[in-house]
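The structure appears below as structure tokens.
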There are 2 protein chains.
Amino acid sequence: MATIVDVASLAGVSTSTVSHVLNDTRHVEPETRERVMSAVRTTGYRRDVLARSMRRARTDSIGLVVSDAGEPAFADMVHGVEEAAAQNGLSLLLANSAEDTARERAAVEALLDRRVDGLIIARAAGSSDGLLARIREDKKPLVLLDRLADLDVDQVGVNNQSAMAALVEHLATRGHQRILLISGDLRVSSLRERYDGFHAAMLDRGLEVPASLLCEGTVTAASTFDRVRTLLTTSKDRPTAILACSTLLAAGALGAIQHEGLQVPGTMAFATFDGFTYSDLFEPQITTVRQPAFRLGESAVGMLLRRIENPNVPTEILRLESEIEFRRSTE
Amino acid sequence: MATIVDVASLAGVSTSTVSHVLNDTRHVEPETRERVMSAVRTTGYRRDVLARSMRRARTDSIGLVVSDAGEPAFADMVHGVEEAAAQNGLSLLLANSAEDTARERAAVEALLDRRVDGLIIARAAGSSDGLLARIREDKKPLVLLDRLADLDVDQVGVNNQSAMAALVEHLATRGHQRILLISGDLRVSSLRERYDGFHAAMLDRGLEVPASLLCEGTVTAASTFDRVRTLLTTSKDRPTAILACSTLLAAGALGAIQHEGLQVPGTMAFATFDGFTYSDLFEPQITTVRQPAFRLGESAVGMLLRRIENPNVPTEILRLESEIEFRRSTE
DNA sequence: CTGAAAGCGCTTACAG
DNA sequence: CTGAAAGCGCTTACAG
């Protein structure tokens, strides 16, 4: 492996000059520059990124920690981050916390150790603010993705409240009064926002939300399946509509609905956040709040870059709008 | 940021000793070691991974290049790789070629520049063997994922031929003679294997495969939709079954089937490779060849690690078995 | 059992 | 316009 010293001696110049030619960081006589470039070519020299990063304060890499790499929405966000990073000449270091705060902590430490230029995090359920303090301690640029916080940090997510309001309005207009909300883990801010949005929207319409129409805290499809089945079989005031706040929750709920032999939308209306890919090809056709997940990832990179360029710009909080795909499940 | 020098002077020892304590690489008196560890704690010292990597020949990171981060199967593979990497204390550098050989090339160069300890690649359609030669030139451990090659390189994929044979057998047994194969880009080895497997299986049964029952080379859902529609409306010997070789192709084909008002499985049987997530919750219930994508990713890391540990072990080619989920679409 | 010192491959003031 | 040299923060023979 050729080093800068090999190139310098072959070109008959100093390593300073080679470095300056490569980085275009000071004027070099055209003739000298050509000698250097030709030496680079004949030696097949490639700059050592590690050595370079050690001298500069930059590694040209960013870290991404997602909370659940399995969910389609997160897969799309990762995709968007990767795309935008590549476009900007940044390498992407990917880690998955799997909703485990200890793993999340370890991932963040590993990324900080690698001196990434910045971090993008979709925090795990129950993630503490201490983690963010740790990152701030290192003065590392940070963007919160999808799961936001009431903190002075750059963040990008979607407008969950308004999407939920639109969904409730859609159902209420069609006469649904008893709507079962499957909200998942309320420590997750996006789920909490959907939950709060639901209550606000129901209140607006003077609709009640009895405990028997709330399914909170389940975190797997299987446990959701069980809980929904129980709710459907025991409650005497059965809901006329079910609303799931994530793909996973929707999967559990749909399973329960089918198991109980209910028809969507015949005997039960149904809608979900995030939902399933290519769902317009399948029955039941499910009304879905679709996040712009790919763009969320892209935007996170943009915000991070802006913060890296200038650490002192004011904090930005970006809320993209989700689109609601209305389908037959709520007709 | 504290350095090893700070720790050494605080503990009253040499940097050698600090290094040896940290790496547990030579005996140090318990009392000395304790002084060092306490100095580490009070300074908040963290070893600089970059400087360390520069001295050692390892970065404890691996690179992954996937050809289509959008497909669910690849998302699962990424997930599996990430999981296994984390388990082994490796950081993951992720890049997406988006089926573009120029981007793939750039991604590989970027990863090599970062001195990853090894590479895992699901090659883009039309990727040249020159790329692999380039990696070999750097003596960089390499594992081919999903899309294999007839080369002396470690690789892990699935057994496409036998899965296809089982699928054809399943259909033939049910009386299907005219089966439309939607094979996609045949430069992709996994798709080529499915294509070849189809022809072999049909030949085995003495079934013909006229050109009117082959849909090759489409690479988007939209173009597949168009081609399949044309085939369905123009051919007088309409197929009784359609077989798609990837999720994307299945999406296009299903759209065409619905557009033509055909019933699955009533007027048209249907099966696909890879398929859709949670598809057992939806109609039509589609017979699907399901790759163990997550395990594929995990295995790739295992093979890479083995190669990194010992560059001279013989080449290994691993074929995992796919499972076929038989459903009503082929009844 | 431990330390002084070279060296990994760069970048960047400093000097001319 | 260019070079000699220090230094980034480690690891690792070499020496005692």
Side-chain angles (χ1 to χ4, degrees), chain A residues 1-40 43-61 91 109-110 112-117 138-139, chain B residues 1-40 43-61 91 109-110 112-117 138-139:
Chain A
M1 211 69 180
T3 75
I4 196 171
V5 175
D6 302 324
V7 174
S9 67
L10 181 59
V13 298
S14 71
T15 59
S16 320
T17 297
V18 175
S19 176
H20 285 302
V21 167
L22 260 31
N23 297 314
D24 201 20
T25 171
R26 85 177 173 194
H27 184 82
V28 175
E29 283 294 87
E31 192 256 347
T32 314
R33 143 172 271 117
E34 198 29 68
R35 279 218 314 285
V36 169
M37 292 313 292
S38 126
V40 165
T43 55
Y45 170 73
R46 301 189 64 91
R47 191 160 54 187
D48 187 319
V49 173
L50 259 37
R52 183 158 196 255
S53 296
M54 192 163 81
R55 289 305 325 258
R56 307 193 319 153
R58 270 180 94 141
T59 55
D60 293 324
S61 64
S91 291
E109 295 291 357
L112 290 177
D113 277 353
R114 287 192 183 274
R115 306 283 194 268
V116 291
D117 293 339
D138 269 27
K139 296 189 180 34
Chain B
M1 212 67 180
T3 74
I4 197 172
V5 175
D6 302 324
V7 174
S9 69
L10 181 59
V13 299
S14 71
T15 59
S16 319
T17 297
V18 175
S19 176
H20 285 302
V21 167
L22 260 31
N23 297 313
D24 201 21
T25 170
R26 84 176 173 195
H27 184 82
V28 175
E29 282 294 87
E31 192 255 348
T32 315
R33 142 173 271 115
E34 197 31 65
R35 280 217 314 287
V36 169
M37 290 314 289
S38 128
V40 165
T43 55
Y45 170 73
R46 301 188 63 91
R47 191 160 53 186
D48 187 319
V49 173
L50 258 36
R52 183 157 196 255
S53 297
M54 193 163 81
R55 290 305 327 256
R56 307 194 319 155
R58 270 180 94 141
T59 56
D60 292 326
S61 64
S91 291
E109 295 291 356
L112 290 176
D113 277 353
R114 288 193 183 273
R115 307 284 194 269
V116 292
D117 293 339
D138 269 28
K139 297 191 179 32

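Below, chains carry the letters A, B, ... as their sequence lines are ordered, and counting in each starts from 1.
For residues 43-54 of chain A, proximity to DNA chain C is found at A:Tyr45, A:Arg46, A:Arg47, A:Asp48, A:Ala51, A:Arg52, A:Met54, defined as any non-hydrogen atom under 4.0 angstrom from a strand atom.
Rounding to whole angstrom units, CZ of residue B:Arg35 and P of C:dG3 are separated by 8 Å. When rounded to the nearest whole Å, the span between NE2 of A:His20 and C1' of D:dC1 equals 11 Å. Summarising the geometry, the separation between CG on A:Leu22 and P on C:dG9 is reported as 15 Å, rounded to the nearest angstrom. Atom pair A:Glu34:CD and D:dC1:P shows a separation of 17 Å (rounding to whole Å applied). Following rounding to the nearest Å, B:Ile4 (CD1) and C:dG3 (C1') show an atom-to-atom distance of 13 Å. B:His27 has its NE2 atom 13 Å from the P atom of C:dG3, to the nearest Å. Put simply, CZ on B:Arg58 is 14 Å from P on D:dT11, counting in whole angstrom units. What separates CG of B:Asp60 from C1' of D:dC10 is a distance of 14 Å, to the nearest Å.
Here the closest heavy-atom approach between residue A:Arg35 and residue A:Ala11 is recorded as NE-O, 2.9 Å. A pairwise comparison of heavy atoms in B:Arg58 and B:Asp117 identifies CA-OD1, 3.4 Å as the closest pair.
Taking 4.5 Å as the limit, every side-chain heavy atom of B:Arg47 sits out of range of all side-chain heavy atoms of B:Val18. Side chains of A:Val21 and A:Met37 form a contact here, defined as non-hydrogen atoms less than 4.5 Å apart.
If you check every strand for non-hydrogen atoms under 4.0 Å, A:Val5 touches nothing. Residue contacts shown for B:Thr17 are limited to sugar-phosphate atoms, with no base heavy atom under 4.0 Å away. Within the 4.0 angstrom heavy-atom criterion, base atoms lie near B:Ser19. When heavy atoms are screened at a 4.0 angstrom cut-off, A:Thr32 is found touching the sugar-phosphate backbone but no base atom.
Below the 3.5 angstrom threshold, one finds no donor paired with an acceptor across the side chain of B:Arg55 and the base of D:dT12. Applying the 3.5 Å distance criterion, the base of C:dA4 shares no donor-acceptor pair with the side chain of B:Thr15. On a pure distance criterion of 3.5 Å, a polar donor-acceptor pair joins the side chain of A:Arg26 and the base of D:dG3.
Neither OP1 nor OP2 of C:dG9 sits under 4.0 Å from any side-chain N or O of A:Thr3.
Of the possible polar contacts, none joining the B:Ser19 side chain to the B:Thr15 backbone as a donor-acceptor pair under 3.5 Å is found.
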If you apply the rule salt bridge (Lys or Arg N to Asp or Glu O under 4.0 Å), what do you find for A:Asp48 with A:Arg55, and how did you get there? CA-CA 11 Å; A:Asp48 187 319; A:Arg55 289 305 325 258; over 6 Å; no
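Under the Watson-Crick and G-U wobble criteria, each requiring two contacts below 3.5 Å, nucleotide C:dG16 is paired to D:dC1.
Using a 4.0 Å cut-off between charged side-chain N and carboxylate O, B:Arg115 and B:Asp138 make no salt bridge.
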